[in-house]
Amino acid sequence: MADWLGQFSFDALACGPALHHRETLAPLAEATGKNLLIDDRFDPEAPRSELVERILELGESGAIVCLSRPILQEVLSALVGPASFDIESPCERGAAWFIEGEPRRATYFAPRGAARDLGEPIAPLEALTLFNTGSPNSKTGSPNSKTGSPSSKKAGKRPASAGSAEGSRVAVLDMGSTSFHLLVAEWTPEGELRRIGRDRVMLRMGSELARSSRVSPELLDRSIDAVQSLCAFAKEHKAEKLVAVGTAALRDASNGPDVIRALEAAIGGPVHLLSGEDEARIVHRAIRARIDLGRDVHLGLDLGGGSLEIILGRGNDVLLAKSLPLGVTRLHGTIVPSEPHDKDDLRALRHSVREEMAPVLEEIKALAPVDCIAVGGTARALCRVLLREQQGADAPKRGSAELEVRGRRLERTALAGLGRELAAQTLEERLERPGVSSRRADLLPFGAEILTSVLSLLEMRTLTVCDWGLREGVLLNLIDSEQ
């Protein structure tokens with residue numbers, strides 16, 4: 001817990017006299033150099049009014065307080081108003097509640113280690129606002145994983161009778177290594193997840209980190225401008241809640257905590273920094289809501305800008321979740337390729353994939369996945385290029401139903417051939433190809449090579465493209481957490 005809690009800004013550490021409370025916070029006190037305050041007012045037998053007053057006093061400058069679970073319901077109710085559900089059921093040992101804002105709101109963070117050590121899968125993103133003074137959240141149901149055709153589902157659905165959140169709009173701000181991307185969506189009365197609008201700013205943070213390991217002041221300024229613009233977009237589209245998540249770039253930057261604090265100030269709320277395993281589990285949640293996976297073991301690949309998340313799953317269960325530093329923007333910045341790419345560029349890229357895959361290769365093969373599902377903007381972009389070229393000049397424009405990438409199966413040989421063709425072209429020649437966007441034209445050859453290399457190492461011949469990923473998974477987890 002010390003590593004995770006240490007990323008927050010706080011001035012005080014406090015707990016009651018109980019030994020296990022003092023031992024819980026001792027590693028954090030040692031890591032941060034802060035004194036641990038032992039206060040009898042935090043004892044379960046102390047008057048609740050004194051306890052709440054002390055928390056409010058410490059909270060003015062930021063504090064981490066260790067409390068017993070039995071008294072949490074009373075304390076949180078006093079701080080943020082009546083809860084809309086029983087607080088005891090989601091409050092695992094080692095969990096945390098983050099209280100902030102005016103009016104105050106409380107956000108739940110699931111344990112970051114204890115439950116997983118016992119082999120119990122936990123929801124990776126339960127760090128979501130569950131209380132709002134004056135407007136308690138209503139309960140909502142979970143997406144129904146049994147709808148749709150055998151090959152793909154019409155939408156992630158939840159039972160229409162499960163709750164009263166239909167029509168509520170949520171924005172998800174995904175701060176990735178290639179772009180900062182915002183999605184605004186809502187649940188329809190029919191229980192479908194409907195996109196209202198989306199916007200992105202291409203920052204290529206992963207490329208800079210590959211060269212310097214730090215986010216420069218100039219890039220931070222552009223990042224702040226980006227989140228302010230995207231938050232304005234969310235407001236324009238009448239989003240009622242915004243959830244901001246950070247991934248590989250913010251995890252890896254040596255000045256990541258400072259960058260996150262600056263972004264939180266610009267957003268006006270918390271940034272939930274996801275671990276690689278968190279990302280993988282959230283993506284698995286999106287895949288199984290969008291693609292009918294049956295009961296066979298499947299392999300999920302989320303090719304992002306800073307990392308490649310690998311998920312082995314069967315039904316709702318995650319059997320293996322790994323994050324590898326094989327993001328397309330990261331490798332593009334590390335290898336510094338020529339244009340067009342020569343054999344040395346591609347050889348170095350394949351070597352990186354083999355080297356990073358080696359420790360997990362046998363573990364993946366032992367689980368014998370029958371299908372590979374690819375997620376991420378680069379995978380979708382490659383699929384669109386192949387579809388446009390297969391359908392010729394009469395191919396529909398991007399976004400039409402005929403060119404929908406969801407559920408499209410791509411042959412490894414076709415993907416490898418496209419990668420070789422793109423690598424042999426200059427950037428200008430690539431941009432003349434049908435379906436190639438200027439946002440990713442320089443990344444597509446590397447993306448094709450990474451995916452092809454992974455498939456080859458695993459001796460898999462095809463992959464299926466899924467058009468849902470991290471952002472949709474965050475939305476689904478939000479719905480799940482409000483059940």
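Along the sequence shown, residues carry numbers from 1. Remember, predicted model here, so these are calculated numbers, not experimental data. Computed from heavy atoms alone, side chains included, the values below leave out hydrogens, waters and symmetry copies.
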query = Would a distance-only check, ignoring hydrogens and angles, find a side-chain to backbone donor-acceptor pair under 3.5 Å from Arg384 to Gly435?
reply = no
query = Given the rule in the side-chain contact (heavy atoms from CB on, under 4.5 Å) test, do Asp174 and Phe180 qualify, once you have shown the distances and angles that lead to the verdict?
reply = CA-CA 6 Å; Asp174 170 13; Phe180 282 14; over 6 Å; no
request  = Assess the side chains of Thr378 and Arg440: does a donor N or O sit below 3.5 Å from an acceptor N or O?
outcome  = yes
ask   = Does Asp258 pair with Arg261 as a salt bridge, N-O distance under 4.0 Å?
value = yes
task = Verify, without hydrogens or angle tests, whether Lys241 (side chain) and Val172 (backbone) share a donor-acceptor contact under 3.5 angstrom.
result = no
message = Any non-hydrogen side-chain atom of Leu422 less than 4.5 Å from a side-chain atom of Leu382?
response = yes
ask   = Does Ser179 offer a backbone N or O that forms a donor-acceptor pair with the side chain of Arg200 under 3.5 Å?
value = no
request  = Using only heavy-atom distances, determine whether the side chains of Asp345 and Ser338 contain a donor-acceptor pair under 3.5 Å.
outcome  = yes
ask   = Sub-3.5 Å donor-acceptor pair from the side chain of His332 to the main-chain atoms of Val328, do we have one?
value = no
ask   = Say you draw a straight line from CG of Leu451 to SG of Cys372; how long is it, rounded to the nearest 0.5 Å?
value = 7.5 Å
note = dist Ile373:CD1 -> Thr464:OG1 (nearest 0.5 Å) comes out at 4.5 Å
inquiry  = With side-chain contact (heavy atoms from CB on, under 4.5 Å) as the criterion, how do Arg214 and Leu219 come out once you've worked through the C-alpha distance, each side chain's angles and the decisive distance to 0.1 Å?
reply    = CA-CA 10 Å; Arg214 291 179 60 84; Leu219 180 55; over 6 Å; no
key: Glu309 and Ser323 side chains, donor-acceptor separation under 3.5 Å   = yes
inquiry  = Determine whether a donor-acceptor pair (N or O, by modelled atom type, separation under 3.5 Å) exists between the side chain of Ser229 and the backbone of Asp225.
reply    = no
query = Any Lys/Arg nitrogen of Arg194 or Glu186 sitting under 4.0 Å from an Asp/Glu carboxylate oxygen of the other?
reply = yes
key: Taking every non-hydrogen atom, the tightest pair across Trp468 and Ala289   = CZ3-CB, 4.1 Å
message = Is the shortest side-chain heavy-atom distance between Val245 and Leu470 below 4.5 Å?
response = yes
query = With the threshold set at 4.0 Å, does a side-chain nitrogen-carboxylate oxygen contact exist between Arg251 and Glu279?
reply = yes
task = State the CG-CD1 distance between Leu346 and Ile335, to the nearest 0.5 angstrom.
result = 8.5 Å
ask   = Can you tell me how far CG of Asp199 sits from NE2 of His181, rounded to the nearest 0.5 angstrom?
value = 7.5 Å
inquiry  = Any side-chain to backbone donor/acceptor pair from Ser213 onto Leu209? Under 3.5 Å, distance only.
reply    = no
query = Ignoring hydrogens and geometry, is there a side-chain-to-backbone donor-acceptor pair from Asn477 to Val474 under 3.5 Å?
reply = no
inquiry  = Let me confirm one number: the CG-CG distance from Leu193 to Leu476, rounded to the nearest 0.5 Å.
reply    = 6.0 Å
inquiry  = Students often mix this up, so state it plainly: with edges at 30° and 60°, are the rings of His298 and His284 parallel, tilted or perpendicular?
reply    = parallel
query = Is there a side-chain contact between Leu475 and Trp187, using heavy atoms and a 4.5 Å cut-off?
reply = no
message = Show the nearest heavy-atom pair for residues Ser453 and Val353, with the distance to one decimal.
response = CB-CG1, 3.7 Å
query = Closest heavy-atom contact between Leu25 and Cys66?
reply = CD1-CB, 3.8 Å
key: Trace of the salt bridge (Lys or Arg N to Asp or Glu O under 4.0 Å) decision for Arg285 with Glu472   = CA-CA 9 Å; Arg285 181 69 183 86; Glu472 288 80 8; over 6 Å; no
request  = Please lay out, stage by stage, how Arg330 and Asp252 fare under the test salt bridge (Lys or Arg N to Asp or Glu O under 4.0 Å).
outcome  = CA-CA 11 Å; Arg330 178 200 293 265; Asp252 297 342; 2.4 Å; yes
ask   = Do the side chains of Val201 and Leu182 get nearer than 4.5 Å, heavy atoms only?
value = no
ask   = Do Met357 and Lys322 pass the side-chain contact (heavy atoms from CB on, under 4.5 Å) test, and can you show the C-alpha distance, the side-chain angles, and the key distance before you say yes or no?
value = CA-CA 10 Å; Met357 286 288 294; Lys322 296 289 185 180; over 6 Å; no
note = CZ (Arg433) and CG (Leu444) are apart, to the nearest 0.5 Å, by 9.5 Å
request  = Run through Leu463, Leu326, Leu308 and flag the one making a side-chain contact (heavy atoms from CB on, under 4.5 Å) with Leu301.
outcome  = Leu308
message = I'd like to know if the side chain of Thr178 pairs up with that of Thr329 as donor and acceptor (distance under 3.5 Å, no hydrogens or angles considered).
response = yes
Working for side-chain contact (heavy atoms from CB on, under 4.5 Å), residues Ile450 and Leu331 = CA-CA 10 Å; Ile450 293 169; Leu331 293 180; 3.7 Å; yes
ask   = Quick one: which of Leu273, Thr247, Leu263 gives a side-chain contact (heavy atoms from CB on, under 4.5 Å) with Met175?
value = Leu263
message = Looking at every heavy atom in both Leu203 and Ser223, which two are closest together, and how far apart are they?
response = CD1-OG, 3.8 Å
key: Arg169 (side chain) donor-acceptor with His237 (main chain) under 3.5 angstrom   = yes
query = If you look at every heavy atom in Val184 and Ala234, which pair is closest and at what distance?
reply = CG2-CA, 4.2 Å
Pair Ser216-Glu208, side-chain hydrogen bond (donor to acceptor under 3.5 Å, both in side chains): steps then yes or no = CA-CA 8 Å; Ser216 67; Glu208 179 169 303; 2.9 Å; yes
Minimum heavy-atom distance Ala441-Arg430, with the two atoms named = O-NH1, 3.0 Å
task = Using atom types as modelled and distance alone, determine if a side-chain donor or acceptor of Glu429 lies under 3.5 Å from a backbone N or O of Thr426.
result = yes
Verdict with supporting geometry, Arg380 and Asp467, salt bridge (Lys or Arg N to Asp or Glu O under 4.0 Å) = CA-CA 7 Å; Arg380 294 193 298 270; Asp467 60 342; over 6 Å; no
key: Glu30 atom CD, over 12 foreign heavy atoms within 6.0 Å   = no
request  = Verify salt bridge (Lys or Arg N to Asp or Glu O under 4.0 Å) between Arg281 and Glu277, making sure each step is shown before the conclusion.
outcome  = CA-CA 6 Å; Arg281 291 177 178 275; Glu277 183 180 338; 3.1 Å; yes
